[in-house]
Asks: 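This is the structure I want to talk about, given as structure tokens.
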Amino acid sequence: MIKIKFPDDSVREYEQGITALQIAESISQRLAQEVLAASVNGETWDINRPIQENSTIQLLKWEDDEGKHAYWHSSAHLMAEALQELYPGIKFGIGPAIENGFYYDVDPGEGVTIKESDFPAIENKMMELIAKKEEIIRQDISKSEAIDMFSNRNENYKVELINELEDGTITTYSQGNFTDLCRGPHLPNTSYIKAVKVLSAAGAYWRGDEHRPQLTRLYGITFPKKKLLTEYLELLEEAKKRDHRKIGKELELFAFSQNVGVGLPLWLPKGTQLRLKLEEFLKHIQQQFEYQQVMTPHIANKQLYITSGHYAKYGKDSFQPMKTPVEGEEFMLKPMNCPHHCEIYKVIPRSYKDLPLRLAEFGTVYRYEQSGELHGLTRVRGFTQDDAHIFCTPDQVKGEFLKVVDIIFIIFKALDFKNFEAQISLRDPENKEKYIGSDENWNKAESAIVEACKEKGLPAKVELGEAAFYGPKLDFMVKDAIGRRWQLGTIQVDYNLPERFELEYTGADNQKHRPVMIHRAPFGSMERFVALLIEHTAGKFPIWLAPTQVIILPVSEKFNDFANELSKTYIRQGIRVEIDDRNEKVGRKIRDNELKRIPYMLIIGEKEVENNEVSVRKQGGEDLGTMKSTIFAENLLKEVDEMMTIDINK
RNA sequence: GCCACAAUAGCUCAGUUGGUAGAGUAACGCAUUCGUAACGCGUAGGUCGCGAGUUCAAGUCUCGCUUGUGGCUCCA
């Protein structure tokens with residue numbers, strides 16, 4: 001007999017060799033039906049794998065990430081099995097479970113492509129295999145056996161993976177005629193899967209290396225109930241409605257023109273209004289944090305980027321230098337603001353008393369992003385960073401870092417960005433030659449970031465090898481409507497540029513010292529931030545940002561003149577007003593659609609005109625009754641003012 | 001840049017096996033007019049992304065390009 005301990009610390013005794021599934025059965029039939037995987041002494045196991053010794057166990061269901069993971073991982077195998085039947089000779093790469101579903105990278109062979117139109121056939125084959133209720137069987141095999149097995153089947157991708165594994169740790173999972181190299185865990189059989197959907201096909205380089213063959217990545221998702229699949233697909237449809245590209249067009253916020261060029265956004269009047277309010281908001285905060293605003297040109301002599309080191313690294317992938325009438329003279333569009341700010345630093349000799357020096361600029365930069373990378377406002381070729389560079393002493397780094405984190409928190413709170421993730425990007429210790437700067441400086445910078453996060457109680461994921469070539473960074477990531485992660489706020493420590501630009505300050509010891517530079521952009525870029533803001537709010541902006549704050553509706557043509565006068569008065573006071581004077585030509589349903597993104601609606605009829613009043617409805621339909629038009633304006637301006645003015649001491 | 005898919009009126013989309021280009025909505029005009037659940041009549045709007053090819057005939061088939069979309073790689 002062995003002792004099995006449960007999450008609630010209760011202990012039961014079972015026969016040696018019992019499985020998690022049998023344990024579940026001993027508790028309740030319902031549980032046995034729902035359990036998908038089990039955590040055994042902290043390791044995730046198949047539920048039909050015999051347990052030989054005293055263990056701590058947790059039964060994992062669909063609601064548990066590990067349960068879902070096993071479920072989707074088995075689904076990936078199921079799709080692979082279906083593909084193997086439909087495309088003889090197909091070779092397999094890797095096929096993991098992901099956040100929503102799973103994928104499998106496959107090489108269907110020379111000249112064979114798997115297209116969207118083939119998806120139904122794949123789905124049907126999967127359903128067929130499910131109906132067979134095939135057992136999924138785990139097997140330990142030796143490295144040489146594994147190599148033999150997969151070599152015989154020409155599975156060169158798998159053989160490559162096996163070669164990197166240690167003998168004695170290799171397992172395979174089989175179902176029907178399909179056997180895959182796999183660590184598991186998996187479902188006991190294929191019949192657990194009830195609803196399948198192949199979602200998309202995409203190219204993916206083998207092992208993420210663009211110099212290696214490109215495989216076909218098939219994305220799919222499965223569910224234990226048909227209804228869950230339907231709901232998921234509906235959710236995706238709903239999410240599409242929040243797409244910033246769609247809303248940006250509908251609300252006339254921004255546009256693109258092929259004549260201007262791909263990836264170069266045109267900010268329309270309403271979008272500009274929104275963006276300017278955000279800039280004003282950040283300027284106000286920065287003022288309180290003692291930043292100084294600067295302005296620099298959009299181009300610079302190529303030499304500036306040779307000095308900064310950027311030309312060597314990015315020169316050939318950038319917008320190419322432009323020539324001048326002077327032979328040999330070349331200028332570049334600026335891809336970042338840092339070198340310009342370094343030059344500002346150097347204009348006058350600096351003392352330790354000047355530090356920290358915080359230079360801020362809404363700086364527009366141009367980067368030649370790969371054509372396939374461009375995406376709405378989130379990835380463009382010309383964009384404006386809410387940039388600032390903090391020049392400080394090494395001792396001030398941590399303190400300044402913490403203050404920047406505060407600014408980012410203030411912004412995310414004011415705009416209700418709750419689900420952000422923080423990521424600390426450090427260098428890859430295996431590949432130090434990829435980075436510029438001394439070991440000592442890197443270690444200092446990296447520990448400053450890690451400590452600062454700890455002090456702020458900010459749970460941050462640490463990623464090795466994700467650092468910029470000049471220094472480590474802390475990024476804030478936010479998800480878009482369909483769950484893609486985008487980097488917004490960023491704080492980067494840089495010991496490199498001060499070195500290259502030979503920046504100095506005179507210390508209290510009357511000696512020259514090198515300052516440290518912190519790059520930071522709380523929004524990241526205005527373009528990307530606005531994009532994510534649109535997706536988070538679905539275009540229903542808080543009143544201080546709303547491109548249109550008030551819409552005036554005269555109920556009849558007779559009152560159009562009054563409405564027009566009122567609108568002019570409001571606009572002069574700085575309220576953003578629109579008139580809908582189509583009167584009753586337009587039905588309420590249309591108006592509701594049109595108005596759902598506008599905070600206030602003012603209805604003008606006979607009574608209102610007589611008394612110089614407005615009947616106010618709030619976004620969503622709440623009736624606030626009638627009031628003097630001047631009172632409404634005063635209240636609105638006061639409300640906006642309060643939202644714009646953040647007191648950092650609170 | 002690579003893989004897959006797409007492109008028809010300002011917007012959302014239909015257009016069968018190749019046979020002269022359609023709807024809704026928005027815009028404009030006339031008529032109507034008091035708290036909105038699409039008033040009526042009318043007008044205008046398209047080189048079917050661009051360029052070749054096949055054909056008596058191409059929105060539809062083939063090829064190339066452009067732009068967009070979902071991924072991969074990249075992201076100073």
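Both backbone and side-chain heavy atoms feed into the values below; hydrogens, waters and symmetry mates do not. Treat the numbers as computed from the prediction; the structure is a model and nothing was measured. To find a chain, count down the sequence lines: A is the first, B the second, and so on, and within it residues start at 1.
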Asks: I'd like the C1' distance from C65(B) over to A7(B), given in whole Å.
Replies: 14 Å

Asks: With a 4.0 Å cut-off, would you call Lys461(A) and Glu466(A) a salt bridge?
Replies: no

Asks: Could you tell me how far G51(B) sits from G15(B) if I compare only their C1' atoms? Round to whole Å.
Replies: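 One C1' to the other, the span is 24 Å.
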
Asks: Kindly indicate whether the side chain of Tyr205(A) and the base of G1(B) share any N or O donor-acceptor pair separated by less than 3.5 Å?
Replies: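 Present.
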
Asks: State which of C72(B), C3(B), A76(B) makes the closest approach to the side chain of Gln214(A).
Replies: C3(B)

Asks: Can you check nucleotides 8-17 of chain B for protein contacts, nitrogen or oxygen pairs under 3.5 Å, and list what you find?
Replies:
none

Asks: Looking at Tyr368(A), is Arg381(A) sitting on its ring face, NZ or CZ under 6.0 Å from the six-membered ring centre and within 45 degrees of the normal?
Replies: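 Yes, Arg381(A) sits over the ring of Tyr368(A).
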
Asks: Between Lys473(A) and Asp475(A) (salt bridge meaning N to carboxylate O under 4.0 Å), is one present in this structure?
Replies: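 Result for this pair is yes, salt bridge flagged.
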
Asks: Is there a donor-acceptor contact under 3.5 Å linking the side chains of His389(A) and Asn337(A)?
Replies: no

Asks: Under the side chain to side chain contact (heavy atoms under 4.5 Å, CB included) rule, collect the residues that match up with Ser308(A), sequence neighbours excluded.
Replies: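 Ser308(A) satisfies side chain to side chain contact (heavy atoms under 4.5 Å, CB included) with Tyr305(A), His310(A), Pro339(A), Leu497(A), Phe501(A) only.
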
Asks: For Lys432(A), enumerate each residue passing the salt bridge (charged side-chain N to carboxylate O under 4.0 Å, His left out) test, keeping only those at least two apart in sequence or located in another chain.
Replies: Asp439(A)

Asks: What's the gap between G59(B) and A6(B) when it is taken at their C1' atoms, as a whole Å value?
Replies: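 Approximately 15 Å lies between the C1' atom of G59(B) and that of A6(B).
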
Asks: Atom NE2 of His310(A) to atom P of C75(B): distance rounded to whole Å?
Replies: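 That distance rounds to 12 Å.
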
Asks: Could you tell me the separation between the NE2 atom of His519(A) and the P atom of C75(B), rounded to a whole number of Å?
Replies: 16 Å

Asks: Looking at Phe417(A) versus Phe476(A), is the centre-to-centre ring distance below 6.0 Å?
Replies: no

Asks: So what does Ser308(A) touch, heavy atoms closer than 4.0 Å: a base, only the sugar-phosphate, or nothing?
Replies: nothing

Asks: Return the nearest nucleotide to the side chain of Ser556(A); candidates are A76(B), U36(B), U33(B).
Replies: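 Of A76(B), U36(B), U33(B), U33(B) is nearest to the side chain of Ser556(A).
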
Asks: Atom CZ of Arg520(A) to atom C1' of A76(B): distance rounded to whole Å?
Replies: 17 Å

Asks: Kindly say whether, by distance alone, the side chain of Glu606(A) makes a donor-acceptor pair under 3.5 Å with the base of C34(B)?
Replies: yes

Asks: Assuming nearest nucleotide by heavy-atom distance, tell me which of Glu466(A) and Arg217(A) is located more 5' along RNA chain B.
Replies: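 Result: Arg217(A).
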
Asks: Scan nucleotides 60-70 of chain B nucleotide by nucleotide, 5' to 3', and note B when protein non-hydrogen atoms come under 4.0 Å of the base, S if they reach only the sugar-phosphate, - if neither.
Replies: ------SSSSB

Asks: Looking only at atom P, what distance separates G29(B) and U66(B), rounded to whole Å?
Replies: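 So the two P atoms sit 43 Å from each other.
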
Asks: Salt bridge check, Glu527(A) against Arg367(A): does any charged N sit closer than 4.0 Å to a carboxylate O?
Replies: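 Answer for the salt bridge query: no.
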
Asks: Suppose you measure atom C1' in U67(B) against the same atom in G49(B); what distance do you get, rounded to whole Å?
Replies: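 These two C1' atoms come out 7 Å apart once rounded.
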
Asks: Tell me whether the side-chain N or O atoms of Glu369(A) pair up with the base of G1(B) as donor and acceptor below 3.5 Å, since no angle test is needed here.
Replies: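 No, no donor-acceptor pair under 3.5 Å.
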
Asks: Let's see if you can work this out: which of U32(B), C72(B), U36(B) has an atom nearest to the side-chain heavy atoms of Leu553(A)?
Replies: U36(B)

Asks: Tell me if the NZ atom of Lys302(A) is crowded by more than 12 foreign heavy atoms within 6.0 Å.
Replies: yes

Asks: Once Watson-Crick and G-U wobble pairs under 3.5 Å are found, how is RNA chain B written in dot-bracket notation, 5' to 3', with | for any base paired to another strand?
Replies: (((((((..((((.....[..)))).((((.........)))).....(((((..]....))))))))))))....

Asks: Round to a whole Å and report the spacing from CD of Glu99(A) to P of G71(B).
Replies: 12 Å

Asks: Between the base of C74(B) and the side chain of Arg379(A), is there any donor-acceptor pair under 3.5 Å?
Replies: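 Answer is yes: a donor-acceptor pair is held.
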
Asks: For atom C1', what is the distance between C13(B) and A26(B), given to the nearest Å?
Replies: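 Their C1' atoms lie roughly 14 Å apart.
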
Asks: Between A58(B) and A27(B), how far apart are the P atoms? Round to whole Å, please.
Replies: 37 Å

Asks: A6(B) C1' sits how many Å from Glu116(A) CD, rounded?
Replies: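 Those two atoms, CD and C1', are 9 Å apart.
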
Asks: Does Lys313(A) reach a base, just sugar-phosphate, or nothing at all? Heavy atoms under 4.0 Å.
Replies: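 The answer is nothing, as Lys313(A) stays clear of every strand by at least 4.0 Å.
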
Asks: Expressed in angstrom and rounded to an integer, what is the separation of Gln370(A) atom CD from A76(B) atom P?
Replies: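 In whole Å, A76(B) P lies 13 Å from Gln370(A) CD.
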
Asks: With a sphere of 6.0 Å drawn around NZ of Lys618(A), does it hold more than 12 non-hydrogen atoms of other residues, nucleotides or ligands?
Replies: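 Check fails, neighbour count at 12 or below.
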
Asks: If the threshold is 4.0 Å, N to carboxylate O, is there a salt bridge linking Glu160(A) and Arg207(A)?
Replies: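 Salt bridge: yes.
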
Asks: Could you check Lys607(A) against Glu610(A) for salt bridge (Lys or Arg N to Asp or Glu O under 4.0 Å), going step by step and ending with a plain yes or no?
Replies: CA-CA 5 Å; Lys607(A) 253 192 260 164; Glu610(A) 265 173 34; over 6 Å; no

Asks: In whole angstroms, how far is the C1' atom of A76(B) from the NZ atom of Lys473(A)?
Replies: 9 Å

Asks: Rounded to whole angstrom, note down the P distance from A37(B) over to U60(B).
Replies: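 Those two atoms are separated by 44 Å.
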
Asks: Return whichever of Gly208(A) or Asp317(A) has its heavy-atom-nearest nucleotide of RNA chain B closer to the 5' end.
Replies: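 The answer here is Gly208(A).
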
Asks: Using whole Å, report how far CG of Asp107(A) lies from P of C2(B).
Replies: 19 Å

Asks: Once you apply a heavy-atom cut-off of 4.0 Å, does Glu252(A) come out as touching a base, just sugar-phosphate, or nothing?
Replies: nothing

Asks: According to side chain to side chain contact (heavy atoms under 4.5 Å, CB included), who are the partners of Ser556(A), at least two apart in sequence or on a separate chain?
Replies: Lys558(A), Phe559(A)

Asks: Identify whether the distance between the nearest side-chain nitrogen and carboxylate oxygen of Arg484(A) and Glu535(A) falls below 4.0 Å.
Replies: no

Asks: Give a yes/no verdict on base stacking between A76(B) and Tyr470(A): centres under 5.5 Å, planes within less than 30° of parallel.
Replies: no

